**Q** 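Let me begin by handing over the structure; questions about it come next.
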Amino acid sequence: MTRLVRRQGWVAGLLVLFVVLLVITRLIQPGYGSGDFGSLVRAVLPYAFAVAAQTIVVIAGGIDLSVGAMMALTSVTAASMMDGASEEYALFVVPFVLAMGLVLGAVNGMLIVVTRVPDIVVTLATLFVLQGAALLVLGAPGGAVAEWLRATIIGTVPIPGLPGISAWIPKALVLLVVCLCIIWIPLKRSKLGLSIYAIGSSELAAFRSGVPVARTKIIAYALSGLFGAMGGLALTMSTGIGAPIPGPYLLASVAAVVLGGVALGGGKGGLLGPIVAVFVLRLVRTDLTLLAIDPNVTAIIEGAIMVAVVMFGAFITMRGRQ
Amino acid sequence: MSISAIQPVPFGRRLKRFMADRPLIPLIILLVMLVVILQVLRPGIVNERWLANTVKFAIPLAILAGCQTMTMLTGGIDLSVGTVATMSAFIMATQVVNHDPAVAILIALVPAVLIGLVNGIGVGVFRVHPLIMTLGTSLIGTGCLQVYQRTVIASGAKIPPFLAWLGTGLTYGVPNALLLFVPIAVLIVFTLNRTGFGRLLYAVGDNEGAARLSGVRYWQVITALYVISSVLAGITGLLYIGLIKAPSLSLAEPLVLPSVAAAVIGGTSIFGGRGGYTGTIIGALILTVLTTLLTILQMPEGARRILFGLIVLFVTAAYLRIIEDR
Amino acid sequence: MTTNPLLDATGVVKTYGAVVALRNASLSVLPGEVHALMGANGAGKSTLVKILTGAIRADAGHILIRGEARDVRSPADARRAGLLPVYQEPSLIPDLDVASNLRLTGTPVEPFRAWVRELGIPDLDIRDIARDIPLAVLRVLDLARALAVEPDVLLLDEMTAALPANLAEKVLEVVRRQGDSGRSVIFISHRFVEISALCDRATVLRDGETVGVVDIEPGVEERIVEMMLGARIEKTRVTSRQASQAASPGDSRPRLGVANLRVGTKLNDVSFDLANGEVAGVVALEGQGQDELFAALAGSIRPSGGTIEVDGQPVRFAHPADAIRAGIAYVPGDRTEALTMQRSVRENIALPFSAALRNWGPINMRQEGSRVVSAIERLQIDTRAQREVQRLSGGNQQKVTIARWIAAEAQTVLCFDPTRGIDVGTKQEIYKLLRELADQGKSVLFYTSELEEVQRVCDRVIVIFGGRVVDVFPVELADEPALMRAAYGLPRGAKEDVGILADIHSSPVAKP
Amino acid sequence: EAKYTIGISNTVQGNGWREEMICAMKAQALASGEVTKLNIAHRNTDAAGQLEDIRNLISAKVNAIVVNPADPAGIKSALEEATKAGIVVVAVDQAVTEPSAYIISNNQEQYAYLGAKWLFQQMGGKGDVVYMRGAAGASADSDRDKGFKKALAEFPDVKVVHEVFTGWQQDQGKQQILDFIATGSPFNGIWTSGIDNVIVDALVESQTPLVPVVGADNAGFVGQLNSVEGLVGAAVTNPGSIGGAGVTLALQILNGKKPAEQTVLVEPQLWENATEEGKAKLKGAADPSLSPEWPVSISIPDWTTYTKDQIIACKGPGE
Ligand SMILES: Nc1ncnc2c1ncn2[C@@H]1O[C@H](COP(=O)(O)OP(=O)(O)OP(=O)(O)O)[C@@H](O)[C@H]1O
Ligand SMILES: Nc1ncnc2c1ncn2[C@@H]1O[C@H](COP(=O)(O)OP(=O)(O)OP(=O)(O)O)[C@@H](O)[C@H]1O
Ligand SMILES: [Mg+2]
Ligand SMILES: [Mg+2]
């Protein structure tokens, strides 16, 4: 029970931190408004999907070093397929790329299960493989994106009669919430979701409880691949191109997972925490830019915040235990 | 089915068991196989000069992989080694302009000790996950290095001839870097197998609670470990700058992921409690030879990376298959 | 008897590298019987259970379920075939709450709750996370979870070993009723009382081979012991404790003085002394604060009040290292807490040698080797699989946890149920060992869940109930019924019969 | 009369060239006297991350944004938003596709063409060349590849015997060239995408006969061209000070002085040590006090007004 309270407390704490940061942002830049919030959400989008991809495998007791490369590959695939194609063609491209992420993720999982090589090495290897594949698809940044796809993350959702509120609901946020919930909520409710937590908590006990460990692990990686593909699409949607070199999503995703209260090692935590953590980290970045802090110092500040928050969490946990 | 007492064990199984008890042998075989492939693809490449080059480049990787091996034994990881190595190299190269080389080296190792100490306290006392802790300190370190860099733009940089000799020189065709590496390797192997500290690394990584009940103070072990790891990384940086002779702000960063891979290929478990340094050294050699192999192969860069990934996976999988006695 | 066996395994072989866990095991279980599987530590009982339930695969052998050859490849398969195990180690997922654990295995909740209540745990909250639940309760939950799906064959691997007497009793009751209602149970235990109270037949394993199947009838124990131990029989003749061995209470200053010790809400005001050369028993039902008492004395947790004195000097332990420096060693009840499973037997035993900062340097391998070897010999640890402790059988693992402190020559040993899951032969050795330690002037605090052990080993018995010391018996008075009553918090001399043991053993001793 | 705030966005951190670019921006902003504050977003990231940075700069209400684009097309939408918000946008180093943005850039294609052509001429128009590229998938690399291929097409007898990506990393470049030397394959020239001084080191250390080497105007390499016995080579300028020029252009536009063209290309120069004239140029350019990774061309005539001390101090207005 206390454990439950503690975990939800962490997420609540992050939410409070986020709100405090929003207030601080308003203080730094009084004009910070709904449009800027929209920018924030769009910046969050690829990170959020990367983090979702990482969260699910971390809960399952693994780690996925190939998220960034997966995003790069799916992004260049989408961008090069849509390059010069008609607007309608994108209707086919999106599910194709999502399926590709799902399959490649499943391959990750299968390799782990079949070779029995630790997750970190298998996904390190697939990091190179996916990156190589991305370079074969597009040797340099390029490609294009369908206009309508691009429009899905630009602007806000109109709510009739409430223009004030609607300005604060960017389409990108709706897209993010829908994409995450559509997978996460049924999963969390299902036995499969439980199995994912189970194999992360103790593979032996899960096996002995009759959980099909191999299958569950493959599915967890497949879902991670799916989220990765969403992240890749998000990249293409926001930049309008595909870039074969992965951005800084891998380390960011691991950091946000831990900040979000998911234990590296598996079995604990949820998706909400890491997602809020991503918002917090992006907003910190915004504040540092708004404050015009020396760019070299920002690296120090970001590192220090990461360490400090996790240390603080550890400190609370220790206090709680005594 | 009826069972006669004990059947003679077939040769294949005996061989497997033999290798399982000596995990180094299959690793060495894998290494030799890669070298043979290289020789077949480019006849004549495997010569004295190539060997020396390979060893030169494998050594810094092997030392950093030593840091990973030791931290991984405790269930940790040290992602700050790249930053620490870069820092000590860069600081040494810029300080040596105004100071005696010995002094410059000492100055350069100060941040290494500090980062190791912070890592150790964070992991050992505050129980921050090592991945996050070392990632955080490496970010902080990189930031500090960049700030520092601006203060020394005007002073230029220099590589002391001694380090260049150590990094690049050969004596009778043998890389001088071995003068540094052999003692370090012997020390690490000895520490892991024959000292109390080494025992504790394994114990803490295997079952921290059991170690505690036996009177082991976790934070002491971990703090000492991360300081040692950082100092080793700092020394690697000094050696590496002697090899590359071009101080940059990202000098050793590209070595971080390979150092983890080398330790894992060498049979160290990232979950702690299992592994050793000799395997890691071979792992580092395997990765270095693999890099050469891929450089030599003429193919698109994308295909090259795909191949690299596949080979790493294959090597690790094959190795695990062989040493697993099941 | 012409009924077909429900489960019939023959010629089962399993090797782990050089170690042969099962050489030629067979087991045949009839419908409606409670079948004991017996054997010394490392005989291969657990391995057989794991094979029968698909947790590991055999190298060879035939398994028939209801006369049909079935390929049981995983515990899930076994479950479908009606075979349900309760393994030697708890199988609940540590980070999930009990309810989720039930959902995961598709166990119906209501029957589960009913079984849990029946098994003597009235106040279980199924929202509790498994990790936070004490070991004994976890074992019971494991059992209840198995019972709730009404399996044809229930396989219980040392189910009662980690249980205090009150819970063990309930388990026995339930298991016996399983047999009565036509289901079969395979029951592994090292406790003869339980076997004779419960089982119809017994299959005896020795060194991975089935050496006999016997009907359980009065007096069969001797035969089973003979079969189990084979050549080892000579060594295991029990020397019951004699009065002459009692500690000389001449030494005035106690080795360990505990006064008004309190830990949270679990332990209230415990005071007692432990003399030099004394073995003091601690008897308590599950969860009466004995865990906290031992943990506090071992420096694992900090007491919230009271004092601890060692050799007359007040001490405060902030870390187990402090207790060890004061000569106090702790052998926890759960061996997985005490062992580094992937390391060798030698490293496990030698672990305390390197713990202190000043011992971090080079190890004197010869000296260490001889100390370790003598401890191994003293406890007769089966070292065939010594490269990794996790490959030892449960009982041998348990021995390693004790051997460590023999090698470290601790002055005071706190043993928390050290004979849990140890075969009769070894048990005798442990008793002897504890006595020897006492004779060498060392002090032992000995919690046991097996009341009959008390009289064999202890000089004095401290009974704890509800976090308080309710009675201190001289050993002469500490027969099982008396202890049982005291453990339930009843005053000395109360007349009610308590529990199943009192029923079975209608011996004159049990009913004065 | 300082009155402007200028935002800067850059996506590669810890690389000598980029650091020099940032310092040039700061120095120029200070020297111009028209800038109150610089707002610098400088980190390792991709186009999506740069979108975020640019939008943050828009939120910070800067007057102009000088950006070294991670990708020409990828940041179009944010640049458009910036222009809409009345912010002057100047891209340096690389072009961008956003039509409203001004561009002042080093001509990367020309950079490669110039060096490669000189190299092939040195090789006598025939032989084997080692082609050491930058980072696979980077747009600057693919621009340079175009220039290199253009030169190659003019010399049909020159063959690329070995093509690798250094990832613009010194250690990789060095190991790669040493590996190649070890194969014993003959080669007559090396073209590098800026990882140059380690290549010369490798040739010297392995006692391989020196061949012509083309690199960038990094301080280390320029020093080698002056001092290494028997080394023939050329440095092609790729000034990091283009950043300073970007600031100048932005200020000109803010002050209402728009350039005639949207795009201003700074043409690279080639300094070789094969001729006396070239040697003199190299001698004049050499600057041993600079970090070997820094380009020696620390200023661009007509575009930058700061002094060497100012750029080395690396201080912007208000610091
Ligand atoms: N990205 C998101 N945006 C908005 N809401 C979300 C998002 N992710 C999750 N949620 C909501 O938050 C709820 C809790 O999320 P999550 O599953 O992360 O929590 P949890 O702590 O694991 O769950 P539990 O309550 O079982 O402990 C979900 O049911 C869902 O409704
Ligand atoms: N994974 C393993 N690797 C190697 N040997 C093993 C492994 N598991 C079990 N063994 C060996 O198999 C033998 C039988 O072990 P098992 O656990 O079945 O004994 P047991 O009869 O259950 O003993 P106990 O009563 O002590 O629990 C032991 O000698 C043990 O060392
Ligand atoms: Mg057993
Ligand atoms: Mg027992």
Side-chain angles (χ1 to χ4, degrees), chain A residues 61 63 65-66 69 73 111-112 114-139 244 250-252 254-255 257-259 263-265 294-315 317-318, chain B residues 72 75 77 79 83 118-119 121-123 125-150 257-258 260-261 263-265 269-271 299-321 324:
Chain A
I63 190 158
L65 300 188
S66 69
L73 176 58
L111 286 174
I112 291 165
V114 172
T115 61
R116 280 181 276 161
V117 174
D119 309 51
I120 198 167
V121 186
V122 171
T123 55
L124 180 68
T126 46
L127 176 156
F128 286 106
V129 173
L130 296 180
Q131 225 180 64
L135 278 172
L136 290 182
V137 174
L138 269 187
L250 168 60
L251 291 182
V254 176
V257 161
V258 176
L259 284 182
L264 288 174
D294 180 326
N296 295 318
V297 177
T298 52
I300 304 177
I301 295 177
E302 282 178 331
I305 288 180
M306 206 163 85
V307 171
V309 169
V310 178
M311 271 197 184
F312 174 71
F315 181 69
T317 322
M318 267 195 282
Chain B
M72 272 159 62
I77 194 165
L79 295 184
T83 301
V118 173
N119 281 340
I121 291 172
V123 176
V125 178
F126 289 92
R127 306 296 177 122
V128 179
H129 194 286
L131 203 117
I132 294 299
M133 191 65 217
T134 54
L135 196 61
T137 48
S138 96
L139 273 182
I140 297 174
T142 308
C144 292
L145 185 60
Q146 255 150 16
V147 172
Y148 167 81
Q149 182 250 173
R150 284 215 321 252
L257 278 187
V260 177
V264 177
I265 290 177
S269 159
I270 53 155
F271 305 112
M299 50 168 66
E301 178 66 13
R304 211 177 265 165
R305 291 199 193 175
I306 293 181
L307 201 60
F308 180 80
L310 291 180
I311 294 179
V312 166
L313 185 61
F314 172 79
V315 167
T316 324
Y319 177 58
L320 282 186
R321 261 301 127 75
E324 236 170 39

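Letters A, B, ... mirror the listed sequences (proteins, then strands); counts begin at 1. Given the structure is predicted, the values throughout are model-derived calculations rather than measurements.
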**Q** May I ask you to name which of M133(B), R304(B), Q146(B) has the most heavy-atom pairs under 4.5 Å with chain A?
**A** Q146(B)

**Q** Do you know the tightest heavy-atom contact between G309(B) and V129(A)?
**A** CA-CG2, 3.9 Å

**Q** Checking I132(B) against V307(A) for the side chain to side chain contact (heavy atoms under 4.5 Å, CB included) test, could you report, in this order, the C-alpha distance in whole Å, the side-chain angles of both residues, the deciding distance, and whether it holds?
**A** CA-CA 7 Å; I132(B) 294 299; V307(A) 171; 5.6 Å; no

**Q** From I120(A) CD1 over to F271(B) CZ, what is the distance, rounded to the nearest 0.5 angstrom?
**A** 8.0 Å

**Q** Report yes if the side chains of L313(B) and V121(A) come closer than 4.5 Å at any heavy-atom pair, otherwise no.
**A** no

**Q** Does any heavy atom of chain B fall under 4.5 Å from the side chain of L111(A), the backbone, both, or neither of them?
**A** side chain

**Q** Can you tell if the side chain of P300(B) reaches within under 4.5 Å of the side chain of L136(A), non-hydrogen atoms only?
**A** yes

**Q** Return the CD1 to CD1 distance between I305(A) and I140(B), rounded to the nearest 0.5 Å.
**A** 10.0 Å

**Q** I'd like to check L124(A) versus V264(B) (side-chain heavy atoms, cut-off strictly below 4.5 Å). Are they in contact?
**A** no

**Q** Side chain, backbone, both or neither: which part of V114(A) has a heavy atom under 4.5 Å from chain B?
**A** backbone

**Q** Which bit of I270(B) is near chain A, if near means a heavy-atom gap under 4.5 Å: side chain, backbone, both or neither?
**A** side chain

**Q** Which one wins on heavy-atom pair count under 4.5 Å against chain A: V312(B), V147(B), L145(B)?
**A** V147(B)

**Q** Taking C-beta and beyond as the side chain, do L131(B) and V258(A) meet within less than 4.5 Å on heavy atoms?
**A** no

**Q** G136(B), S269(B), A303(B): which one forms the most heavy-atom pairs within less than 4.5 Å of chain A?
**A** G136(B)

**Q** Side chain, backbone, both or neither: which part of T316(B) has a heavy atom under 4.5 Å from chain A?
**A** both

**Q** Between V254(A), T126(A), L65(A), which has the largest tally of heavy atom pairs under 4.5 Å with chain B?
**A** V254(A)

